[in-house]
Amino acid sequence: MQLNPDQQAAIRYLNGPLLVLAGAGSGKTRVITQKIAYLIQDCAYDANSILAVTFTNKAAREMKQRVSKVVNETQLQGLRISTFHNLGLYILRCEHKAAGYKSNITIFDDEDATGLLRELLLKKFAKDPKIIAQIKGHISRWKNELIAPDQAEKLAQAPWEMVAANVYVDYARYLHAYNAVDFDDLIYIPTKLLLDHEEILTKWQMRIRYMLVDEYQDTNHSQYQLVKLIAGIRGGLTVVGDDDQSIYTWRGARPENLMQLSDDFPNLNLIKLEQNYRSTTRILRCANHLISHNEHIFEKKLWSQLGEGELLQIISCKDEESEAYRVIAEITKHKFKHNTQFKDYAILYRGNFQARFFEKALREQNIPYKLSGGTAFFSRSEIKDLLAYFRLLVNPQDDAAFLRIINVPRRGIGPTTIEKLGNYAKQRNVSLLLAAQEVGVQQILSGKPLQTIKSFIEWLQTMVYKIRHDDAEISLKQLLQDIGYQDWLESTCSSDEVAKNKMGNVKELLLWVAKLLKQHNGDFADVVAKLTLLDMLENSEEDTEQNKVQLSTLHASKGLEYPYVFLVGMEEGLLPHTISIDEKNIAEERRLAYVGITRAQRGLTITFARQRKKHGGVIDTKPSRFLKELPTDDLQWFTPNSAASEENRQETGKAHLANIRELLAKK
DNA sequence: CATTAGCTGTTTTTT
DNA sequence: ACAGCTAATG
């Protein structure tokens with residue numbers, strides 16, 4: 001496909017910073033990938049002097065894949081395409097000394113961070129998880145705004161804000177003592193570092209000569225500062241964004257950063273991409289109609305040359321179960337009729353929990369599917385356990401990891417022992433593991449617990465050695481053997497099935513780690529940190545190649561496209577979500593729906609359930625208000641009593657599915 | 001220390 | 001419905 005003049009211009013423009021306002025499907029990823037190719041092939045840029053940044057691992061993966069199709073492999077050596085968090089980790093690991101960390105940094109995930117905060121707040125006053133979450137959010141905001149703990153203390157006004165600031169101080173101190181960072185730190189610390197150290201800043205500015213940022217509307221303040229610092233006055237910078245696709249303000253994203261750019265870079269050039277190469281005119285008209293209900297920073301109108309296309313189908317379903325069966329039935333029918341492939345279909349939803357019903361239905365029908373997003377995998381207890389072992393092997397100061405696994409599997413180390421050890425560690429001002437290694441613990445602990453901990457530490461040390469010197473895969477299997485994890489799973493799980501499943505996950509993790517270790521030259525610390533950032537499915541191009549129905553949250557679907565999209569659960573309370581139903585947040589929910597609609601290339605089906613199970617009971621639901629914001633002429637409704645569909649008399653999706661199977665069999 | 005029964009509150013989205 | 005926590009018991 002040829003590039004249009006605007007795209008060409010965006011690719012070739014190198015006389016300073018450039019903002020590309022790119023509507024959905026206007027080829028923004030193409031502009032970025034082609035620009036990388038242009039820089040390398042036509043402008044003699046070294047690949048390792050180019051940095052491309054995205055928000056999700058998925059987007060980074062996609063971009064890497066697309067670049068490798070345009071530029072040959074030897075020229076790509078050293079090219080960095082990564083998420084903001086991975087970039088932060090990279091800078092932090094390079095500059096750990098200046099930042100005051102040892103090289104074996106570990107990353108606290110959300111759960112660890114919340115755990116630490118709970119511990120700290122217990123002393124102060126509260127243990128209400130809501131308050132903890134609130135304070136966590138506040139600390140996160142401070143970090144996003146580049147406000148240090150001591151500054152926060154000075155700035156705090158309201159009493160509760162003072163408490164939060166105090167906790168922030170302690171929290172930062174503890175994390176540092178653990179030689180650990182949280183997700184926000186991965187941006188905050190490197191940005192502060194570049195701000196405070198002229199020579200480090202210069203070094204990075206020299207190293208990175210051109211920077212490209214995708215989904216720019218999702219940057220928060222600290223991320224923007226990081227970009228600005230690296231780009232410097234030279235302004236080797238292209239950012240691509242679309243304020244209509246800003247769906248991350250809940251985690252601090254500031255679409256205003258699009259505007260901010262022209263203030264910070266007076267010589268900023270602006271290029272708009274408005275031609276859409278993805279969707280039919282009908283789909284686009286619906287998207288434009290919907291989003292016109294929002295206020296806009298920049299006006300733009302998307303258009304397409306791909307023809308009118310089919311009507312959008314709106315299907316009313318009885319409940320979530322029949323919604324799932326109905327969608328599967330529609331896919332089956334459509335696939336048969338148009339001779340398509342499973343991978344041409346995507347099911348998009350607001351919340352991860354919705355995937356369950358579709359998974360069940362797909363499994364029953366033996367339809368292959370790909371569930372997107374690694375979060376589910378990493379939140380599994382068995383994976384977190386193993387990861388905690390890994391973290392402890394890397395960093396003996398990681399107390400969160402220590403606490404998680406010291407008694408998993410059971411070693412007879414209970415709360416009493418841990419409390420004693422904890423007190424001692426605090427008094428000695430060292431981590432739990434290091435405290436247990438000191439001679440002085442003998443005065444605190446004795447007998448069996450002491451013996452157990454001693455031998456546990458000895459074992460850990462042999463393990464550290466083994467992983468460094470022996471074959472990775474064998475070492476990791478040994479670790480699993482030594483702790484008797486399989487037996488523990490079998491004895492604690494409710495059924496053999498569950499235990500087997502968990503063991504399968506554990507084996508999968510070990511395989512990945514072994515593979516990653518080889519990729520990272522055996523740098524176990526690096527691999528473990530990467531794992532925490534969920535950056536692993538890297539070598540699974542097969543997934544998109546494989547012929548599977550795609551299941552994804554709306555958030556995770558951004559930047560992707562599918563021939564036929566099923567946007568499910570289009571109900572009040574779900575999309576828009578109950579929590580975001582006030583005037584300010586409704587705009588973001590609308591953008592979320594907009595993102596969903598604009599994923600579709602040729603066909604779009606929107607479904608909703610009239611009833612949904614909620615905390616036990618059954619709740620009546622209403623169709624989403626967003627449906628009323630679509631142009632009626634482009635819609636075809638399928639409701640139980642509408643004449644539009646004979647088939648729809650079948651109330652349950654299951655029966656509907658059976659009908660279609662029968663119909664197909666006859667043909 | 002481990003186990004278990006009963007109690008709670010809880011449901012967005014991601015790094 | 002369910003997981004995660006608490007308190008009581010082995």
Side-chain angles (χ1 to χ4, degrees), chain A residues 53-60 82-89 107-115 118 127-130 133 140 143-144 181-188 215 218-220 222-223 245-253 320 348-356 372-376 378-381 406-419 447-449 452 488 491-492 494 529-536 552-559 569 573-581 585 588-589 591-593 595-596 612-619:
Chain A
V53 189
T54 64
F55 274 81
T56 60
N57 292 308
K58 204 173 176 181
S82 79
T83 61
F84 264 104
H85 289 85
N86 261 316
L87 170 68
L89 176 66
I107 302 169
F108 269 35
D109 67 14
D110 251 9
E111 218 180 293
D112 301 319
T114 311
R118 189 180 355 156
K127 59 168 193 170
D128 181 357
K130 263 187 196 151
S140 177
K143 287 188 183 179
N144 286 169
V181 297
D182 66 14
F183 286 140
D184 295 321
D185 283 336
L186 286 171
I187 315 295
Y188 171 83
E215 307 284 8
D218 290 335
T219 48
N220 62 32
S222 58
Q223 287 162 337
Q245 291 184 72
S246 160
I247 53 176
Y248 285 104
T249 59
W250 53 273
R251 66 168 203 208
E320 64 268 70
L348 306 181
Y349 36 81
R350 175 74 227 259
N352 281 308
F353 74 96
Q354 289 172 269
R356 262 191 46 217
S372 169
T375 337
F378 283 91
S379 59
R380 307 199 104 98
S381 64
I406 186 58
N407 207 28
V408 173
R410 297 263 133 79
R411 297 190 177 85
I413 306 294
T416 348
T417 309
I418 289 175
E419 203 192 333
K448 218 172 136 213
T452 316
W488 187 72
S491 65
T492 50
S494 51
K530 287 269 159 60
L531 282 177
T532 314
L533 291 177
L534 315 178
D535 186 25
M536 59 160 26
S552 169
T553 60
L554 285 165
H555 282 89
S557 77
K558 191 158 66 134
L574 210 51
L575 188 65
H577 196 275
T578 337
I579 278 174
S580 309
I581 240 152
N585 291 318
E588 180 141 328
E589 296 289 312
R591 289 193 292 268
L592 208 43
V595 166
R612 205 170 270 275
K613 287 181 196 78
K614 224 177 184 181
H615 2 62
V618 176
I619 304 269

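So that the names make sense, note that chain A is the first sequence line, chain B the second, and so on, each numbered from 1.
When the nucleotides C:dC5, B:dT14, B:dT15 are ranked by their closest atom to the side chain of A:Trp250, B:dT14 comes out on top. Checked against B:dT15, B:dT14, C:dC5, the side chain of A:Asn57 finds its nearest nucleotide in B:dT15. Comparing C:dC5, B:dT13, B:dT15 against the side chain of A:Thr56 picks out B:dT15 as the nearest. Comparing B:dT11, C:dC5, B:dT14 by their closest approach to the side chain of A:Ile579 singles out B:dT11.
Sequence order on DNA chain B of the closest nucleotides to A:Asp184 and A:Lys614 puts A:Lys614 first from the 5' end.
A:Leu533 approaches A:Asn57 most closely through the heavy-atom pair O-ND2, 3.0 Å.
Taking atom C1' on both nucleotides, B:dT13 is separated from C:dG4 by 23 Å, rounded to a whole Å.
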Listed pairs, N/O of protein and of nucleotides 2-4 of chain B, under 3.5 Å:
{"residue": "B:dA2", "atom": "OP1", "partner": "A:Gly412", "partner atom": "N", "Å": "3.3"}
{"residue": "B:dA2", "atom": "OP2", "partner": "A:Asn407", "partner atom": "ND2", "Å": "3.3"}
{"residue": "B:dT3", "atom": "OP2", "partner": "A:Arg410", "partner atom": "NH1", "Å": "2.3"}

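Listed by chain and number, the residues in a side chain to side chain donor-acceptor pair (under 3.5 Å) with A:Ser557 amount to none (sequence neighbours excluded).
Counting heavy atoms from C-beta outward, A:Ile107 and A:Leu89 have side chains that approach closer than 4.5 Å. At least one side-chain heavy atom of A:Glu589 sits less than 4.5 Å from a side-chain heavy atom of A:His577. Counting heavy atoms from C-beta on, the side chains of A:Gln354 and A:Leu574 come closer than 4.5 Å.
Between A:Trp250 and A:His555, the ring-plane angle classifies as perpendicular under the 30° and 60° cut-offs.
Going from atom CG of A:Asn144 over to atom OG of A:Ser222 covers 4.5 Å, rounded to the nearest 0.5 Å.
By the 5.5 angstrom centroid cut-off and the 30-degree plane limit, A:Tyr248 is classified as not stacked against the base of B:dT14.
Residue A:Ser580 places none of its side-chain N or O atoms closer than 4.0 Å to OP1 or OP2 of B:dT13.
Between the CG atom of A:Asn352 and the P atom of B:dT14 there is a distance of 5 Å, given to the nearest Å. When rounded to the nearest whole Å, the span between CZ of A:Phe183 and C1' of B:dT15 equals 5 Å. Following rounding to the nearest Å, A:Phe55 (CZ) and B:dT13 (P) show an atom-to-atom distance of 19 Å. Taking atom NE2 of A:His577 as the reference point, atom C1' of B:dT10 lies 11 Å away to the nearest angstrom. Here B:dT15 presents its C1' atom at 6 Å from CZ of A:Arg251, a figure rounded to the nearest Å. Residue A:Leu554 contributes atom CG, which lies 14 Å from atom C1' of B:dT14 at whole-angstrom precision. As a whole-Å value, the separation of A:Glu111 CD from C:dA3 C1' is 12 Å. Rounded to whole angstrom, the span from the CG atom of A:Asn144 across to the C1' atom of B:dT14 amounts to 13 Å.
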